[in-house]
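Excluded from the calculations below are hydrogen atoms, water molecules and symmetry mates; all remaining heavy atoms, backbone and side chain alike, are included.
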Amino acid sequence: MTADKVSAEKQKAPKKLKSFKLGFDFRTQLELKLMLLPAVLFIFLFDFTPLFGLIMAFKNFDPVMGVKGIFTADWNNFTHFKRVFDNFQFWPMVRNTLGINLIGAAVSIPCTLMFALLLNEIQNARFKSFVQTITYLPHFLSWVIFGGLFITLLNSDGIVNYVLQQLNLIDSPIQFLADPSYFWGVAIGTGLLKDIGWGAILYLAAMAGVDQSLHEAASIDGAGRFKRMLHITIPGILPTLMVLVIFAVSGMLNNNFTQIYVLQNSLNLPASQVIDTYVYQTGLLNFQFSSATAIGLMKSVFALLLLFGANWTSKKITKSGLF
């Protein structure tokens with residue numbers, strides 16, 4: 001075999017991939033590792049380190065002892081969990097949490113989806129940008145400002161009661177934030193108004209990935225805008241929709257603490273006391289850190305079960321899920 005044939009055979013032979021070496025990889029990507037280091041430290045300090053405090057749920061922790069008390073306190077098994085279940089506020093608190101979240105998800109997800117579909121159909125670019133800007137703006141306002149605004153609007157002498165009285169819909173002002181029967185509606189409505197524009201961003205991004213040739217073919221066949229939305233756009237963004245539904249189901253025990261805390265008062269407490277505000281009052285105001293930790297741990301466990309359950313159901317029904 002000549003030298004030319006040998007060289008040709010070597011060129012045709014597939015090159016062997018270099019095996020991964022941790023030391024070599026670290027030296028060649030040192031800059032990337034250094035850029036990643038602050039994020040890793042942040043996650044470790046604020047996400048993993050606090051997990052050691054979960055043992056307070058199983059101990060008679062005394063705040064006077066400080067951090068040492070977490071390790072030196074006596075074990076009491078599930079005493080704090082039993083105390084939480086025996087508390088007369090527990091089941092009303094769970095009812096309020098699930099009620100606000102279930103009804104809120106049933107209202108916000110379809111409304112946000114419909115808003116995104118309508119926004120996607122706007123042909124005038126300037127008007128579309130104007131609508132997006134107006135609807136996105138409330139998301140960037142804190143609940144202290146946004147909630148304070150609605151407290152003023154819904155007051156007995158606010159503009160909402162004034163308009164309702166002028167239209168002869170009511171005879172006397174409605175105490176929206178003093179009557180517990182109105183609180184769920186106020187919480188769901190204000191949450192929807194604040195985040196409907198921001199929530200539509202995900203749907204609009206998913207719609208941008210739908211094959212436009214399908215719309216063109218359907219338009220040639222005579223399908224109108226509504227038919228194309230129903231049979232092309234919605235099926236095309238179904239995976240994104242299901243991911244958002246899974247997140248909504250897994251977050252059924254989590255409320256927007258700032259929103260509820262701003263709108264909450266002593267008069268609407270029977271309808272506004274949720275798990276997050278109860279944990280705040282129990283832990284930070286009453287210094288019952290062990291009971292607050294027990295509630296938070298139970299909430300996290302149930303949220304994890306809801307996440308896996310919602311993902312399994314989504315994969316069975318729609319063949320798409322989060323993982």
Side-chain angles (χ1 to χ4, degrees), residues 39 42 46-47 96-122 124-155 158-160 176-177 182-210 229 233-234 237-265 268 272 274-277 280 303 307 310 322:
F42 180 87
F46 295 99
D47 289 341
N96 294 335
T97 302
L98 293 177
I100 294 174
N101 283 325
L102 282 172
I103 301 175
V107 172
S108 63
I109 292 177
C111 289
T112 305
L113 175 61
M114 184 60 64
F115 175 75
L117 289 171
L118 296 176
L119 193 61
N120 189 57
E121 294 297 324
I122 297 178
N124 191 317
R126 289 187 177 181
F127 181 70
K128 184 176 181 179
S129 300
F130 173 76
V131 174
Q132 287 178 313
T133 303
I134 295 299
T135 54
Y136 293 171
L137 183 61
H139 176 80
F140 298 98
L141 298 176
S142 69
W143 269 108
V144 176
I145 298 173
F146 195 77
L149 174 64
F150 269 90
I151 290 174
T152 303
L153 294 176
L154 297 175
N155 205 353
I159 189 173
V160 174
F176 288 101
L177 293 175
Y182 290 101
F183 183 83
W184 287 14
V186 171
I188 294 169
T190 53
L192 178 63
L193 290 175
K194 191 174 188 297
D195 290 327
I196 187 172
W198 183 258
I201 292 178
L202 294 175
Y203 294 114
L204 290 172
M207 292 174 193
V210 177
M229 283 193 296
T233 305
I234 293 180
I237 65 173
L238 185 60
T240 302
L241 176 61
M242 294 312 302
V243 168
L244 295 178
V245 171
I246 291 171
F247 281 137
V249 173
S250 63
M252 282 296 164
L253 298 179
N254 293 319
N255 293 98
N256 190 327
F257 170 79
T258 311
Q259 176 196 13
I260 301 298
Y261 189 73
V262 168
L263 299 176
Q264 188 181 78
N265 56 56
N268 61 32
S272 63
V274 295
I275 294 177
D276 291 334
T277 56
Y280 168 76
L307 174 64
L322 184 61

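- Residues A248 and I109 approach most closely at CB-CD1, 4.0 Å, considering heavy atoms.
- In this structure, CG on L113 lies 9.5 Å from CG on L244, to the nearest 0.5 angstrom.
- The two residues V262 and I151 come nearest to each other via the heavy atoms O-CD1, 3.6 Å.
- Atom CG of D276 sits about 9.0 Å away from atom CG of N256, to the nearest 0.5 Å.
- In this structure, Y261 places its OH atom where only 12 or fewer heavy-atom neighbours from other residues, nucleotides or ligands lie under 6.0 Å away.
- The six-membered or imidazole ring of F46 lies near that of F42, with a centre-to-centre distance under 6.0 Å.
- Residues L117 and Y203 form no side-chain contact, since every pair of their non-hydrogen atoms from C-beta on lies 4.5 Å or further apart.
- Taking both residues in full, the closest heavy atoms of L177 and L263 are given as CD2-O, 4.2 Å, listed atom of the first, atom of the second, then distance.
- Contact check for L202 versus I237: no side-chain heavy atoms found under the 4.5 Å cut-off.
- With a 4.5 Å cut-off on side-chain heavy atoms, F183 and N265 do not count as touching.
- The closest side-chain heavy-atom distance from F115 to V131 is below 4.5 Å.
- No side-chain heavy atom of T112 sits under 4.5 Å from any side-chain heavy atom of D195.
- H139 and W198 have parallel rings, their planes meeting at less than 30° on a 0 to 90° scale where 60° marks the start of perpendicular.
- The environment of I159 atom CD1 is sparse: at most 12 non-hydrogen atoms of other residues, nucleotides or ligands sit within 6.0 angstrom.
- In plain terms, the two heavy atoms of N101 and G251 that are nearest each other are ND2-O, 3.8 Å.
- Inter-residue side-chain proximity for L307 and L322 is flagged as met; some heavy-atom pair is nearer than 4.5 Å.
- In this structure, K194 NZ and T135 OG1 are separated by 13.0 Å, a value rounded to the nearest 0.5 Å.
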| request: Give the C-alpha distance, both sets of side-chain angles, the deciding distance and a yes or no for side chain to side chain contact (heavy atoms under 4.5 Å, CB included) between T277 and F257. | output: CA-CA 7 Å; T277 56; F257 170 79; 4.0 Å; yes

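- Aromatic ring orientation, W143 versus F146: perpendicular (interplanar angle above 60°, classes split at 30° and 60°).
- Atom CG of residue L98 and atom CE of residue M252 lie 8.0 Å apart, to the nearest 0.5 angstrom.
- A heavy-atom distance below 4.5 Å is found between the side chains of N255 and T97.
- Expressed to the nearest 0.5 Å, how far CD1 of I122 lies from CZ of F130 amounts to 11.0 Å.
- Between A105 and P110, the shortest heavy-atom distance links the atoms O-CD, 3.7 Å.
- Rounding to the nearest 0.5 Å places CD1 of I188 at 9.5 Å from CD of Q259.
- Closest approach of L192 and S108 over heavy atoms only: CD1-CA, 3.8 Å.
- With contacts defined as side-chain heavy-atom distances shorter than 4.5 Å, the pair L154/Y182 does not qualify.
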